[in-house]
Every structure is written in C-alpha cells, then in structure tokens.
Amino acid sequence: VLKAGLRAEQTYTKGNSVTSGQKFDRNYFGLFPSFFMMYTLNEAQGNSVRFNYTRRLQRPSFSALNPYRLQFDDYTVMVGNPNLLPQYSHNISAGYTFRNDYSAELYFSRTNNVIAELASSTGNNVIEYQSRNFTHSTEYGLSLDAPFKVMNGWTANNSFSLYNLSYRIDAFSINRTSFSVKSIHTIVWNKVIDIDAVADYRSPYVSANSRVPYMFSFDLEFTRRILKNQGRVRLYLADIFNTLREKEITDYNNTHIDFYQKRPTRLIGVVFSYTFRSGKKFSNKKIDQGNTDEKGRIGN
C-alpha cells in the first residue's frame, strides 16, 4: 500500500485585545507533504511493516495569544503572548505489526518554533508561566504495544515507550531519556460484574525548560449491568494510592524554581446510567467537521 499527499494552507489571523489595546496580524503560507507505505509480509498471520512521513503545522491557541495576565495566587502568574508563531514539525516513523495485535515502532520528530510553556522568575518569589517559541525540540524513541488474553474473560492491553526528548531556546538546552509503561486490564464476569484496572507509570522527563519527576497512578472501576442490561451502575476509584502530584524543577537564567502542588486526585464516585430503546434501531453516521482545528485553538 502506497499513499502520498500534499496539502497547502494559507493562514490569516487578526487579533485585538480590547482591554490592553494590543493588536496583531498573521499571514503565512505552508506546504505539508505526507507519505505512507505498508507492506504485508504474511497476510494469514497478520504480519506487516510500515513507513510514514508527515510535515505538520500547529498554530498557537487563541487563549495563548491573548495578552492577558492571570494571577492564580501570590506566587503563580500566567501571561499571554501575542507574539507566538506557529510550530512546524517533521515526523518519521517505521513500524512492524505481528499477528495484527503486537506492534513495534521507531520514530523521530523535529519541531521548529516549538510552542511550550516557559517557567521563569519575576522576583519576589513569583513564578511566571508564558507560552514561548522555543528554537526547536527533538524527540526520538521506540514504542511497543502488546495486548494479550490472560484467561477466559480477562484481557490486558500493555504499552511501553522509551524516548529521548530535548528542548532548546536561545543558548539554553535541556534533554532527558525517559520511559513510560501503561497496563489496562479488563475482567468480565458474566452476569456478575465487569472490572477495569489501569496502572500508569512515567519516569522523570523534561517539559520545556523544566524537569518533572516520575508520575504514577492506579485506577479501578467496577460495573454492574442491571435492568436487562439497559442500566449500569459504575463504581470508580481514581488514584487509589494517592501518588499523583504536580512537581517541576526549573534552573533557568540563574534562577532555581522548585514547584509542588497536590490536587485532590484520590476520588470515589458512583454513576448510574440507563439506555432507552424505542422504535426502529438506527446507526449514527460519522460526521467530519472541517472546523475541528479552529475549535481546538479556542481552548487552552
């Protein structure tokens, strides 16, 4: 299978902050080629290899461009940046699929003008966060997916990735090799209960000009079907071991920032849902919306 394409985009953007009086105009054109190749080694066994290349564009969101100043507390400030430019990335990947389920992929990505949130100190122990255009970022690594059946009624979907990520802005650079592991287990006990367990671990990694310690979470969910399978009662327990927290360490422009925040992530909830069925059965059609990208730019 061979697929190739070329997309051309012309972008016009105008912004006007009524409160600050700041205005900006953007006018840029870009060509975005793509190429995909897949070769089946053994159709009966579901073995194949693939290669993919794309050039992509990501525009800054309107909220990031808005020149506002949002004070979260006495020590944390978020500042908009109307000078943000779009980022452009080259993405290359090569993968192998075994028995239609197991897959391995090598990938490389280089992004110029990468949009990332820069943490810096403005004095008086105040940390300022602002989206900036870093000179570039580079990421390369390996990802593995291995779903399997443990026993009747018990399936597991496992993923692993090992990657190196680096950022550079002017003379400052930072990089780290990291890995992540995620395992999703589903146990179906017919006419009794369904159990879902999710374990997610990410080793220390870098983000923009900050270093982030490891993250781990473990969630459980129990679902009971009732009322002739039209009703469901769901009990979920999020972050059971209370390990999720936000922590960043930043050393930038001769300033050391040690940020820590713990949200109430250990949660217990009960949900009841009921499906009404009446009349002729119908199927929903997928509708592609051409303004999906624009809607995404409205959010944070």
Side-chain angles (χ1 to χ4, degrees), residues 5-17 20 22-35 52-70 77-93 106-122 127-141 161 163-178 205-212 248-253 255 257 290-300:
L6 179 64
R7 189 180 78 256
E9 287 192 13
Q10 176 69 53
T11 301
Y12 299 96
T13 305
K14 289 187 178 182
N16 179 19
S17 175
S20 67
Q22 288 183 271
K23 298 181 180 180
F24 66 86
D25 292 282
R26 296 286 185 271
N27 181 357
Y28 48 88
F29 174 81
L31 293 174
F32 304 95
S34 62
F35 175 80
N52 187 44
Y53 165 78
T54 58
R55 182 175 187 255
R56 293 176 179 171
L57 160 72
Q58 181 179 323
R59 304 177 184 86
S61 66
F62 294 123
S63 59
L65 290 167
N66 185 12
Y68 64 92
R69 184 177 179 84
L70 180 61
V77 176
M78 180 75 73
V79 182
N81 185 2
N83 297 315
L84 278 176
L85 299 173
Q87 68 177 36
Y88 296 87
S89 63
H90 296 275
N91 307 285
I92 302 173
S93 64
L106 293 170
Y107 67 90
F108 174 86
S109 178
R110 167 82 174 206
T111 304
N112 296 320
N113 282 345
V114 61
I115 301 171
E117 199 168 74
L118 184 83
S120 59
S121 174
T122 61
I127 304 174
E128 181 179 277
Y129 292 92
Q130 184 183 48
S131 292
R132 299 275 190 91
N133 284 115
F134 282 57
T135 308
H136 64 257
S137 72
T138 304
E139 181 177 352
Y140 58 88
S161 64
Y163 63 95
N164 179 275
L165 178 60
S166 63
Y167 290 88
R168 184 176 184 86
I169 179 169
D170 300 326
F172 175 85
S173 62
I174 188 173
N175 79 87
R176 180 160 190 145
T177 298
S178 309
Y205 63 97
V206 295
S207 177
N209 66 329
S210 301
R211 298 184 182 274
V212 184
E248 293 180 355
I249 299 173
T250 307
D251 290 289
Y252 182 71
N253 282 347
T255 302
I257 302 172
N291 62 346
T292 301
D293 180 61
E294 297 302 318
K295 286 185 176 181
R297 294 174 59 201
I298 295 175
N300 293 324

Chemist: Check the side chains of T255 and N253 for a donor-acceptor pair under 3.5 angstrom, ignoring hydrogens and angles.
Modeler: no
Chemist: So which atom in A64 and which in L84 form the shortest heavy-atom distance, rounded to 0.1 Å?
Modeler: CB-CD1, 3.7 Å
Chemist: Heavy atoms only: give me the nearest S131-N81 pair and the separation to one decimal.
Modeler: O-ND2, 2.9 Å
Chemist: Do any pairs count as a salt bridge (Lys or Arg N to Asp or Glu O under 4.0 Å) and have a residue in residues 108-121, sequence neighbours left out, and if so which ones?
Modeler: none
Chemist: To the nearest 0.5 Å, tell me how far S34 OG sits from R7 CZ.
Modeler: 8.0 Å
Chemist: Among Y163, Y167, Y107, whose side chain to side chain donor-acceptor pair (under 3.5 Å) with E139 holds?
Modeler: Y107
Chemist: Out of curiosity, N209 CG to E248 CD, how far, rounded to the nearest 0.5 Å?
Modeler: 8.5 Å
Chemist: Does F29, at its CZ atom, have more than 12 non-hydrogen atoms belonging to other residues, nucleotides or ligands within less than 6.0 Å?
Modeler: yes
Chemist: Can you tell me how far CG of N164 sits from OG of S178, rounded to the nearest 0.5 angstrom?
Modeler: 8.0 Å
Chemist: For residues I257 and S121, report the shortest heavy-atom separation together with the two atoms involved.
Modeler: CD1-N, 4.1 Å
Chemist: Would you name the heavy atoms of N113 and Q87 that are closest together and state the gap between them?
Modeler: O-CB, 3.3 Å
Chemist: Taking the six-membered ring for Trp, are F108 and Y140 parallel (under 30°), tilted (30 to 60°) or perpendicular (over 60°)?
Modeler: parallel
Chemist: List the steps and the verdict of side-chain contact (heavy atoms from CB on, under 4.5 Å) for F134 and L118.
Modeler: CA-CA 9 Å; F134 282 57; L118 184 83; 3.6 Å; yes
Chemist: Hey, can you tell me if Y88 and F32 have their rings parallel, tilted or perpendicular (30° and 60° cut-offs)?
Modeler: parallel
Chemist: Do the rings of H90 and Y53 sit parallel, tilted or perpendicular, given the 30° and 60° boundaries?
Modeler: parallel
Chemist: Under 3.5 Å, side chain of Q10 to main-chain N/O of Y28, donor-acceptor pair present?
Modeler: yes
Chemist: For the backbone of S210 and the side chain of S207, can you confirm whether one donor and one acceptor N or O come within less than 3.5 Å of each other?
Modeler: no
Chemist: Looking only at heavy atoms, which two atoms of A119 and T250 are closest? And how far apart?
Modeler: O-CG2, 3.9 Å
Chemist: Answer with yes or no whether the side chains of Q130 and R132 bring together a donor and an acceptor at under 3.5 Å.
Modeler: yes
Chemist: Does any N or O in the side chain of D170 come within less than 3.5 Å of the main-chain N or O of F172, such that one atom is a donor and the other an acceptor?
Modeler: no
Chemist: Please find the pair of heavy atoms, one from N91 and one from S109, that lie closest to each other, and give the distance.
Modeler: OD1-OG, 2.8 Å
Chemist: Using a 3.5 Å distance criterion without hydrogens, assess whether the side chain of N133 forms a donor-acceptor pair with backbone atoms of L85.
Modeler: yes
Chemist: So T11 and R26, side-chain contact (heavy atoms from CB on, under 4.5 Å) or not? Walk me through it.
Modeler: CA-CA 7 Å; T11 301; R26 296 286 185 271; 5.6 Å; no
Chemist: So L31 and L6, side-chain contact (heavy atoms from CB on, under 4.5 Å) or not? Walk me through it.
Modeler: CA-CA 7 Å; L31 293 174; L6 179 64; 4.3 Å; yes
